[in-house]
Participant: 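To start, I am sharing the structure in question, which I have written as structure tokens.
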2 protein chains.
Amino acid sequence: MDVLRTLALEGHRLTKARKEIVNLFQSQHKPLSALEVKQILTKRNVHVNRTTVYRELWFLKEKGILQEISFGEGKSRFEIITAHCHHHLVCNNCGGIEDIIVDEDSLIQAVQKNSQFTVERHLIEFFGVCANCK
Amino acid sequence: MDVLRTLALEGHRLTKARKEIVNLFQSQHKPLSALEVKQILTKRNVHVNRTTVYRELWFLKEKGILQEISFGEGKSRFEIITAHCHHHLVCNNCGGIEDIIVDEDSLIQAVQKNSQFTVERHLIEFFGVCANCK
DNA sequence: CTAGATGCAAAGAGTTTGCACGAAG
DNA sequence: CTTCGTGCAAACTCTTTGCATCTAG
């Protein structure tokens, strides 16, 4: 379904910032930080306030459209939620990011079995050198 | 071997801050943020500057005594490096942290096989509800 | 119109840097 | 003594909040 249409039907306004940010994440399946979002929009001559970007990312996360992830850089990244849960390979050299599907279910099952712990959320990311940079 | 003795033999000074911080991480096998380290020391009447804590954590990391980890909170945590690589179960309710050994080698092998990517570092952490809080 | 969204300024965490002073060896 | 480590102040990044203003519907 169309994300923007759905939001409109729920009574949310389709402002310039909202439309541009949703478009950005839909066209570029890559985890972006708040300030990266702002920079990309600025390059496209869309001038949106820092605060607005943060609020919009929070809004889209609440709506289940974006998810927040972390590469341990001291800042949050966001990406559009896709049907299948995936993780990332981050190249230490060029900064490129590849998606990867990981069989994490068996891993989580094992963790829960060994620990009496109910896992609700997890963080799995890999850092190294990509094929191009080798 | 004794960490402090080793550092001394390498020509590093055994200052109050250094001794207290090494002791703290040796007695408490738990990931701590820089400011948590400072708070604990203050409670013990050891007054160390914020900057000194950051510099000491960086130093101990460079020395291979501590490792930096992230729970995606927007800040770094540090813990003493133990013989076996482990990960954590962080309770969303009580904030408690349990160590867990994960069979990540097979996971990393699979990732590398599927991607032409050489994995150098990874981030694997779990969040949920611990046995006590259930 | 009017609630929802925005911009601006300020503030708050976490972290780093430069520089002069202090203390371990 | 001399070099390594410390404290302090300032600055920097990322993020949040309050409030007045604007605008999509």
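Throughout, protein chains are lettered first and strands after them, A, B, ... in sequence-line order, and every chain is numbered starting at 1.
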Participant: For A:Thr15, answer base if it contacts any base atom (sugar-phosphate contacts may also be present), sugar-phosphate if it contacts only those atoms, and nothing otherwise; contact means non-hydrogen atoms under 4.0 Å.
Facilitator: sugar-phosphate
Participant: Just the rounded figure in Å: distance from P of D:dG5 to CD of B:Glu10.
Facilitator: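 Answer to the nearest Å: 11 Å.
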Participant: Phosphate oxygens OP1/OP2 of D:dG7: is one of them under 4.0 Å from a side-chain N or O of B:Thr51?
Facilitator: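 So the side-chain polar atoms of B:Thr51 never come under 4.0 Å of the phosphate oxygens OP1 or OP2 of D:dG7.
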Participant: Side chains of A:Leu60 and A:Leu7: does their closest heavy-atom pair fall under 4.5 Å?
Facilitator: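 Yes, their side chains come closer than 4.5 Å.
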Participant: Within 45° of the ring axis of B:Phe59 and under 6.0 Å from its six-membered ring centre, is that where the NZ or CZ of B:Arg18 lies?
Facilitator: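 Positive - B:Arg18 is close enough to the ring of B:Phe59 and near enough to its axis.
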Participant: May I ask you to check whether B:His122 and B:His87 place their ring centers less than 6.0 Å from one another?
Facilitator: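 Yes, ring centres under 6.0 Å apart.
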Participant: Measuring to OP1 and OP2 of C:dC8, would you say a side-chain N or O of A:Asn49 lies under 4.0 angstrom away?
Facilitator: yes
Participant: Tell me whether the OP1 or OP2 atom of D:dC14 has a side-chain N or O from A:Ser76 closer than 4.0 Å.
Facilitator: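 So the side chain of A:Ser76 is outside the cut-off, no N or O lying under 4.0 Å from OP1 or OP2 of D:dC14.
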Participant: Taking only the side-chain nitrogens and oxygens of A:Arg13, find out if one of them lies under 4.0 Å from OP1 or OP2 of C:dA3.
Facilitator: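 No, no such contact exists.
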Participant: With side chains defined as the heavy atoms from C-beta onward, is the minimum distance between B:Ile69 and B:Phe78 less than 4.5 Å?
Facilitator: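 A side-chain contact is absent here, since even the closest heavy-atom pair is not under 4.5 Å.
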Participant: Under 4.0 Å between any heavy atoms, over every strand shown, what does A:Ala8 touch: base, sugar-phosphate, or nothing? Just pick one.
Facilitator: nothing
Participant: Given atom CZ of A:Arg50 and atom P of C:dG12, what is their separation to the nearest angstrom?
Facilitator: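 Taking atom P of C:dG12 as the reference, CZ of A:Arg50 is at 16 Å.
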Participant: Could you check how far CZ of A:Phe59 sits from C1' of C:dA5, rounded to whole Å?
Facilitator: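 Distance check: A:Phe59 CZ to C:dA5 C1' gives 10 Å.
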Participant: Atom NE2 of B:His47 to atom P of D:dG7: distance rounded to whole Å?
Facilitator: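 Going from B:His47 (NE2) to D:dG7 (P), I get 11 Å.
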Participant: Sequence neighbours left out, what pairs pass side-chain hydrogen bond (donor to acceptor under 3.5 Å, both in side chains) with at least one residue falling in residues 30-41 of chain A?
Facilitator: A:Glu36-A:Arg77
Participant: Any heavy-atom pair between the side chains of B:Val102 and B:Phe126 that's under 4.5 Å?
Facilitator: yes
Participant: Count the heavy atoms belonging to other residues, nucleotides or ligands that lie under 6.0 Å from CD of A:Glu68, then report whether that count exceeds 12.
Facilitator: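 Counting other residues, nucleotides and ligands, CD of A:Glu68 exceeds 12 neighbours.
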Participant: Counting side-chain heavy atoms from CB outward, which of D:dG25, C:dT15, D:dT6 is closest to B:Glu56?
Facilitator: D:dT6
Participant: Hey, is the side chain of B:Arg55 pairing donor to acceptor with the base of C:dT16 inside 3.5 Å?
Facilitator: no
Participant: Does A:His88 have its ring centroid less than 6.0 Å away from the ring centroid of A:Phe127?
Facilitator: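 Aromatic pair excluded; centres sit 6.0 Å or further apart.
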Participant: For B:Trp58 and D:dC4, give me the distance from atom CH2 to atom C1', rounded to whole Å.
Facilitator: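 Distance, rounded to whole Å: 13 Å.
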Participant: Between A:Tyr54 and D:dT15, does any side-chain N or O lie under 4.0 Å from OP1 or OP2?
Facilitator: yes
Participant: What is the distance, rounded to the nearest whole Å, between atom CD of B:Gln39 and atom P of C:dA13?
Facilitator: 11 Å
Participant: How many Å lie between NZ on B:Lys63 and P on D:dC4, as a whole number?
Facilitator: 12 Å
Participant: What is the bend of the helix from C:dC1-D:dG25 to C:dG25-D:dC1 when you compare the axis at one end with the axis at the other, using five pairs each and rounding to 10°?
Facilitator: 30°
Participant: Nearest-Å distance, CD (B:Glu73) to C1' (D:dC14)?
Facilitator: 15 Å
Participant: Closest approach to the side chain of B:His12, judged atom by atom: which nucleotide of C:dA5, D:dG7, D:dG5 is it?
Facilitator: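 So the side chain of B:His12 is nearest to D:dG5.
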